[in-house]
Amino acid sequence: MCDPMEWVAVSALPGVGAATLQRLLQNGWFPSRILQASDDDWHWLGLNQKARHALQQYRNGQGLLAQRQQLVQNWLCRKSDHHLLVLDSEHYPALLKTIPDPPPLLYVRGNVEALHLPQIALVGSRKASRAGISHAAAFAEALSRAGLIVTSGMAHGIDGAAHLAAVNCGKPTIAVFGTGPDKLYPARHRVLAAQILETGGAWVSELPPGTAPLGHNFPRRNRIISGLSAGVLVVEAAPRSGSLITARQALEQGREVFALPGALNNPLSQGCHNLIREGAQLVISAEHILEQLAPLLGAYMTLAEPDTPESVPASSPDLSVQEQQVMDVLGFETTSLDQLVALTGISVADLNALLIGLELKALIDTSGEGYFRI
């Protein structure tokens, strides 16, 4: 097994990404061999001029590779819960190692053992509806209680709701960053990130400390979310979204993909419907997922507390006569304000006030085209 700092050096080579390094490893070119090779060998391996120059500088204890090693050493020494996992380590997550381009390095903060427990990825829209947030939280809680680790990207919307539901029931959850392990993004989730560590979860990143939130890193980290997990559940996704990238990568990785259906005219349901057409499994309860994954996960599964969205009793706050009248005509499909006026006979002014009240009671939600039941 190579020195982890040799992995750090090779991973910093310009033009050498995870897929290139994986190809080199498969041909016997481990970091120690690459660092000790001749310039002719480097040229034969196809390393570009910048990479060869960086290797030459490294031999003199200078340049980019040596600086990266010092940066990582400083980060590791900063706190006792900072960990570095390299691809040839026995501590590297076994499932992630099987994908075509596993990250050579994983920077982990928190409970590193959580990465070896069975995981379910739960992803979806950043601009989720209230119904989507509610579904994500219910599924995340049920799956967490059943013994699965919920893994997501800590983004706004569905990701954040999934992580929060897990920590609220005292269960570990894993957040995969699109930044360095020391850069919390979005900043709004700073408290949530701390709670993840407090409940035995972990932060994970393939990017070195100090890496800022750059757009191109977020789609790439999605392969880690799916690669760590036995399956991926998508809750609300527009036809073109990062969640669909995660789902399609999961299919390529041989993972199970589950999708939650929604209203036909809800744009945030279209991505899930497309996934179902392409072969994803339609689910309406956590039991559907647990039944599918149980044979794969075997003894890991503990169906001790299978609370699912179907088994959680819906709250029924007291409604006024007019509020009940609105609820009686409002379905799960989007209904416009004009249609509600026609169906109820209530004035626009009064109806607006009633709708605001029902939203505050978390009984309805709104889209650009109207209102619908949750």
Side-chain angles (χ1 to χ4, degrees), residues 95 98-101 119-140 142-143 148 150-153 155-159 161-162 176 218-297 308-310 331-335 365-374:
L95 203 56
T98 65
I99 71 173
D101 53 348
Q119 297 169 50
I120 177 77
L122 204 160
V123 297
S125 175
R126 285 177 170 82
K127 299 179 179 179
S129 69
R130 188 175 299 169
I133 295 293
S134 176
H135 292 321
F139 271 89
L143 294 167
L148 289 169
V150 170
T151 297
S152 196
H156 293 304
I158 298 299
D159 290 18
V176 182
F218 288 90
R220 182 156 180 74
R221 66 90 190 262
N222 292 341
R223 82 191 195 287
I224 302 175
I225 295 174
S226 58
L228 284 167
S229 307
V232 175
L233 170 63
V234 183
V235 180
E236 288 196 339
R240 294 182 181 180
S241 71
S243 304
L244 299 190
I245 295 173
T246 307
R248 293 193 171 104
Q249 287 175 331
L251 290 171
E252 293 169 3
Q253 295 165 354
R255 308 298 194 255
E256 298 290 337
V257 176
F258 309 95
L260 196 66
L264 294 178
N265 59 349
N266 181 359
L268 293 177
S269 298
Q270 296 308 307
C272 291
H273 294 163
N274 291 341
L275 284 174
I276 292 167
R277 290 183 61 193
E278 294 169 8
Q281 298 186 51
L282 183 155
V283 295
I284 58 173
S285 77
E287 274 98 344
H288 294 160
I289 297 172
L290 297 173
E291 288 168 4
Q292 194 65 34
L293 295 185
L296 298 175
L297 301 174
T308 69
E310 288 184 335
F332 294 99
E333 298 287 335
T334 303
T335 305
D365 203 351
T366 180
S367 68
E369 298 178 352
Y371 299 84
F372 54 89
R373 269 181 184 262
I374 296 177

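Numbers here are sequence positions counted from 1. All figures in this text were calculated on a predicted structure; none of them were measured in a lab.
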If you define the side chain from C-beta out and look only at heavy atoms, does anything of [X] sit under 4.5 Å from [Y]?
X	Y	result
E278	R248	yes
E236	H135	no
I225	V232	no
L260	V234	no
I289	E256	no
T335	Y371	no
V123	S152	yes

From [X] [atom1] over to [Y] [atom2], what is the distance, rounded to the nearest 0.5 angstrom?
X	Y	atom1	atom2	result
I284	F139	CD1	CZ	8.0 Å
E291	L293	CD	CG	10.5 Å
D101	R220	CG	CZ	5.0 Å

- [ ] Under the side-chain contact (heavy atoms from CB on, under 4.5 Å) rule, what do H288 and L233 come out as? Steps first, then yes or no, please.
- [x] CA-CA 11 Å; H288 294 160; L233 170 63; over 6 Å; no

Task: Any side-chain donor near an acceptor of the partner, Q119 and T151, under 3.5 Å - done: yes

Open item on the list: Given 3.5 Å as the limit, does a donor-acceptor pair link the side chain of Q249 with the main chain of R223, or not?
Closed with: yes

Open item on the list: Looking at R126, I'd like to know if its CZ atom is crowded, meaning that more than 12 non-hydrogen atoms belonging to other residues, nucleotides or ligands lie closer than 6.0 Å.
Closed with: no

